[in-house]
Amino acid sequence: MKTALKALFSTNPTLNFNSYCKRCGSLLKNFSDKGLVTEGTALHCHLLKQGIFSEKFVAIKLLIMYLDFRQLAEANQIVKEFNGFNLVVQNCLINANIQWGSLSEARKLFEEMPERNEVTWTMLISGLMKYGRVQESMWYFEMNPFKNVVSWTAGISGLLKHGLSFHGLKLFIRLLESGVKPNQVTFTAVISACIETGDFELGMSVLGLIVKTGFEANVSVCNSLITFCLRMREFDMARRVFNRMDTRDVVSWTAILDIYVEMGNLGEARRIFDEMPERNEISWSAIIARYSQSGDHLEASKLFRRMVQEGFKPTISCFSRILSTLASLENLRAGRNIHAHIKKIGIQGDVFISSSLVDLYCKCRDTENGRLVFNSIENKNVVSWNSMLGGYCMNGQMDEAKYLFDNMPTRNNVSWGAIIGGYVEHKQYDKVFEVFNVMLLSGESPTKQTFSSVLSACASVASLEKGRDIHGKILKQGFHYDVYLGTALTDMYAKSGDIESSKQVFDRMPERNEFSWTVMIQGLAESGLAKESLSLFGEMERSSSVAPNELMLLAVLFACSHCGLVDKGLEFFGEMESVYGVRPKGRHYTCVVDMLSRSGRLYEAEELINSMPFQPEANALAALLSGCKTYKNEEIAERTARKLGELAERNSAGFVLLSNIYASAGRWVDVSNVRKLMREKGLKKSGGCSWVEVRNHAYSFYSEDGTHSKSAEIYDILELLQSEMMAL
DNA sequence: CTGGTTTTCA
């Protein structure tokens, strides 16, 4: 900009006066757009020196610039130089007041004007529309004596912006009837109305009109046509429009880029992006958003870095997008940098930005900083509250979550879903049902995700009654079994012991993914239908394209273990890597060790543990110990126990088992040694837990004393019952 | 000279 100014100062003497003024004018407009106050003032001084400041064209640009900068003293100075009433100057003043949101001042100026032109009217109409005052705007529209294309378009697009597509289109019809010719701007606006209403037929007839009036070559019209085709999923037509254009701008390229993304071809979209003749911050945002959406957060953040390096200013949406990408990458360091930048340019107050920031800190497990950002949001909306709520939930701070939830000004089904999901995630199942019931009572409709969460809670507490109830509610809501809901139902029925219903749901699912198969295979195995489980696995291999994953193979091993098909299980285990390409994890070894130990093949089990390429799970050793107990093999038990002792794993189950084995062998000294060891390591026997349901509330009881608020009374009653039983 | 339109997004 500085160089442009210099070039102008050392001006070309051959430049004539008019083009000189024009160049000054466009420079001033440029300064005004980019907020370059110093440069603008400097040019003003220069013009004063040259004595051409009162030239009307230049003066108007100067006035607009000073109004833009809100330098009212200078602006007033220029107004004075026009000596009284000037229509264009008054128009500029009205426009400035509209920009500043002083609508009453703008209207006062409008009313006081001795004469008005079509621009005056149009400005007021579009100004009122801009602030959502549709009724008043339409009133002025009807009063307007100069209904030209621009004011028609202003009225139409104003209605469209406020979701009144139908009224907008009706106004468009009136425009056609009035005899005024619509132009390219009108058509672009009307096409976006067709996009809004999703009316393909109407769009096509507008297209006919466009062709008839000869606007089909206009860039803006074609751009909106491409978007129209995109929304109607007419990808071929979109490409035809694009290919036919003889001039394309950055908007056209960005629009066609999105066509390929929608067609699921991100690679082709990227190729277009790389080959675009020109890019702007919106095209950058678009491609970054698409990478982020498709889960390639690394590429998204790489592109963001390139975008900034190439000097593009990210838009607000781009910032919030990249923040959520960094949140997924849990890249707190980069996130903090961007946070600092956001503060510097002063957009931290934006609800989308601040909610993304809350999410970023929480996903990086820094709920404290998340809370600080949350507290700083002035106009919190549901999304901001939900981000903070979700943050507490994902970090298991359920007390904070509940407190926040109880104090939210408004809740939507996302909020309910978040807190319910949090309780499920952190195994507080009694709370899940409690909150879910309140949710239903409040009249909020659960989403599919919330239903899935609650179903998994039912599965975990094996509450068939509740599960059936939820199933009924799902049907009532009219949700059909999609993959997620169907899988959750299958799992719930299987875990609650109703394997028949489980199979029924599974059979009716229109689509199954690897989780669905896993759940069913595991469900059958755990219900003692191990043979059926294995044959279902066979069916899956034959009939679907789903590849067995780690979890599913675990279920298969489990099935073999539970129907005593030890050799079959060993065969599967051997094939895991070679046939299915899944490297056995600790859990798989544990399962096989368990299988061998249960059938008394203790030496093989021990050998398998010794052959493991990594540390065995404590559970594997525990399983072997358990086998030793059953088959009375103290020799292996001794060795295994030693290994378990060496294992630094904080797993108390193994120790408990160990002490039980010693106890059953009557080796009380060893028992007390193990207990001592546990105390030294700070391990506690994880308490058993039981619960009863009374009127939709689950009451939990833990094996440690005194954890229940009414344990004293409960024990009193137990004692009473006991003494009555003795009396019998 | 001053006014109306199109592309990304939560």
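We name chains A, B, ... by the order of the sequence lines, and we start the count at 1 in each one.
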Between A:Tyr361 and A:Arg371: side-chain donor-acceptor atoms closer than 3.5 Å = no

Give A:Ile191 one of three labels, base, sugar-phosphate or nothing, depending on what nucleic acid heavy atoms sit under 4.0 Å from its own.
-> nothing

When you measure from the side chain of A:Asn223, which nucleotide among B:dG4, B:dT6, B:dT8 comes out closest?
-> B:dT6

Distance test, side-chain N/O of A:Arg290 to OP1/OP2 of B:dC9, below 4.0 Å | yes

Any side-chain N or O of A:Lys130 less than 4.0 Å from the OP1 or OP2 oxygen of B:dG4?
-> no

Side chain of A:Val149 (C-beta onward), nearest among B:dG4, B:dA10, B:dT2 = B:dG4

If only side-chain N and O atoms of A:Gln293 are considered, is one of them under 4.0 Å from the OP1 or OP2 phosphate oxygen of B:dT8?
-> no

Just checking A:Glu281: base, sugar-phosphate only, or nothing, at a heavy-atom cut-off of under 4.0 Å?
-> nothing

Could you please name the option among B:dT6, B:dT8, B:dC1 that lies closest to any side-chain atom of A:Lys61?
-> B:dC1

Is it true that A:Arg270 and A:Glu299 make a salt bridge, defined as a side-chain N closer than 4.0 Å to a carboxylate O?
-> yes

Winner on side-chain proximity to A:Val150, out of B:dT8, B:dT5, B:dG3, is B:dG3

Would you say the side chain of A:Thr188 and the base of B:dT5 hold a donor-acceptor pair, judged only by whether the two atoms sit under 3.5 Å apart?
-> yes

From the candidates B:dC1, B:dT7, B:dT6, the one with an atom nearest any side-chain atom of A:Ile60 is B:dC1

Taking the side chain of A:Ser126 as its heavy atoms from C-beta onward, which of B:dT8, B:dG4, B:dT6 lies nearest to it?
-> B:dG4

Lys/Arg N to Asp/Glu carboxylate O, A:Glu177 vs A:Arg174, below 4.0 Å = no

The nucleotide from B:dT6, B:dT8, B:dT2 with an atom nearest the side chain of A:Ser220 is B:dT6

Check if the side chain of A:Asn183 and the base of B:dG4 share a donor-acceptor pair of N or O atoms closer than 3.5 Å.
-> yes

Would you mind telling me which of B:dT7, B:dT8, B:dT6 lies closest to the side-chain atoms of A:Ala286?
-> B:dT8

Base, sugar-phosphate alone, or nothing: which one does A:Asp249 contact when heavy atoms must sit under 4.0 Å apart?
-> nothing

NZ/NE/NH1/NH2 to OD/OE distance under 4.0 Å, A:Asp274 and A:Arg271 = no

Return yes if a side-chain donor-acceptor contact under 3.5 Å exists between A:Asn218 and A:Asn183, otherwise no.
-> no

